Amino acid sequence: DSGVTQTPKHLITATGQRVTLRCSPRSGDLSVYWYQQSLDQGLQFLIQYYNGEERAKGNILERFSAQQFPDLHSELNLSSLELGDSALYFCASSGGLAGASSYNEQFFGPGTRLTVL
Amino acid sequence: AQSVTQLDSHVSVSEGTPVLLRCNYSSSYSPSLFWYVQHPNKGLQLLLKYTSAATLVKGINGFEAEFKKSETSFHLTKPSAHMSDAAEYFCVVTYYNQGGKLIFGQGTELSVKP
């Protein structure tokens with residue numbers, strides 16, 4: 001058990017809908033990362049937050065947005081859903097802001113499996 | 001673009017035989033390299049990491065990997081496979097100017113036959 005929790009575990013919805021995925025990082029971790037795992041794209045970094053502020057952006061669609069709250073939990077909002085958004089969405093957390101000379105190990109949650117019908 | 005390539009999408013070994021999962025990274029600046037494992041319906045777990053210290057890195061469950069700069073490789077090995085090693089393995093790279101962003105390879109599925 002990594003200490004990172006994600007809810008819900010599974011989500012089934014229809015095209016055009018909007019969903020919210022939730023992540024609680026390990027106790028004390030300030031950084032939260034979101035990743036998408038799909039069959040055609042593999043595992044891709046979406047976005048990172050550090051202590052409530054957006055720090056890095058990857059291949060995140062404009063229809064997707066995220067935020068990190070004062071209690072450090074994070075939410076990933078996916079709107080105008082398309083069939084191609086079906087994927088496993090992972091949240092990871094780490095203790096700090098990885099800089100030029102350090103790396104903070106990222107601990108991954110179990111993921112939320114999103115199915116868009 | 002910075003990337004990592006896993007040379008085999010699927011590897012099958014017999015229990016008790018050696019495991020070799022191959023990984024090459026694009027050469028740029030100083031990489032930090034990792035291997036993660038994903039068991040079915042589970043999250044990702046860090047096996048080992050290279051961050052410019054010793055080039056031979058030992059990880060959990062008997063796995064190790066060797067960083068070879070001249071070959072831009074970071075292959076994962078284990079002397080003797082166990083049935084519980086069957087999983088998906090990801091080679092991952094990050095660079096100093098990427099903050100915490102991880103770049104994943106496409107994954108290698110390891111099957112272990114009894």
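None of these values were measured; they are calculated from a predicted model. All chains are named by letter (A, B, ...) in the order of the sequence lines, taking the proteins before the strands, and each is independently numbered beginning at 1.
Side chains of A/Gln106 and B/Phe34 form no contact here, defined as non-hydrogen atoms less than 4.5 Å apart. Between A/Gln37 and B/Phe90 the shortest side-chain heavy-atom distance falls below 4.5 Å. No side-chain heavy atom of A/Leu43 sits less than 4.5 Å from a side-chain heavy atom of B/Leu102.
Residue contact with chain B, scored on non-hydrogen atoms closer than 4.5 Å, involves the side chain of A/Leu88 exclusively. Within the 4.5 angstrom heavy-atom criterion, only side-chain atoms of B/Gln38, from C-beta onward, approach chain A. For chain B, no part of A/Phe107 is nearby; none of its heavy atoms comes within less than 4.5 Å.
Interatomic distance, CG of B/Leu46 versus CZ of A/Phe108, reported as 9.0 Å (0.5 Å rounding). Between B/Lys101 atom NZ and A/Leu46 atom CG the span is 10.5 Å, to the nearest 0.5 Å.
A/Tyr50 and A/Leu76 are not part of a single hydrophobic cluster, where members link through side-chain heavy atoms under 4.5 Å apart. Cluster annotation: A/Leu61 and A/Leu114 are assigned to the same hydrophobic cluster (Ile/Leu/Val/Met/Phe/Trp/Tyr, side-chain heavy-atom contacts under 4.5 Å, transitive). By the criterion of side-chain heavy atoms lying less than 4.5 angstrom apart, applied directly or through intervening Ile, Leu, Val, Met, Phe, Trp or Tyr residues, B/Leu47 is grouped together with B/Val57 in one hydrophobic cluster. Hydrophobic clustering keeps A/Tyr89 apart from A/Leu117 (ILVMFWY residues linked when any side-chain heavy atoms are closer than 4.5 Å, directly or through intermediates). Under the 4.5 Å side-chain heavy-atom criterion for grouping Ile, Leu, Val, Met, Phe, Trp and Tyr, B/Tyr25 is connected to B/Phe63 within one hydrophobic cluster.
Taking a 6.0 Å sphere around CD1 of B/Ile60, one finds it holds more than 12 heavy atoms contributed by other residues, nucleotides or ligands.
The ring of B/Phe104 has its center no closer than 6.0 angstrom to the ring center of A/Phe45.
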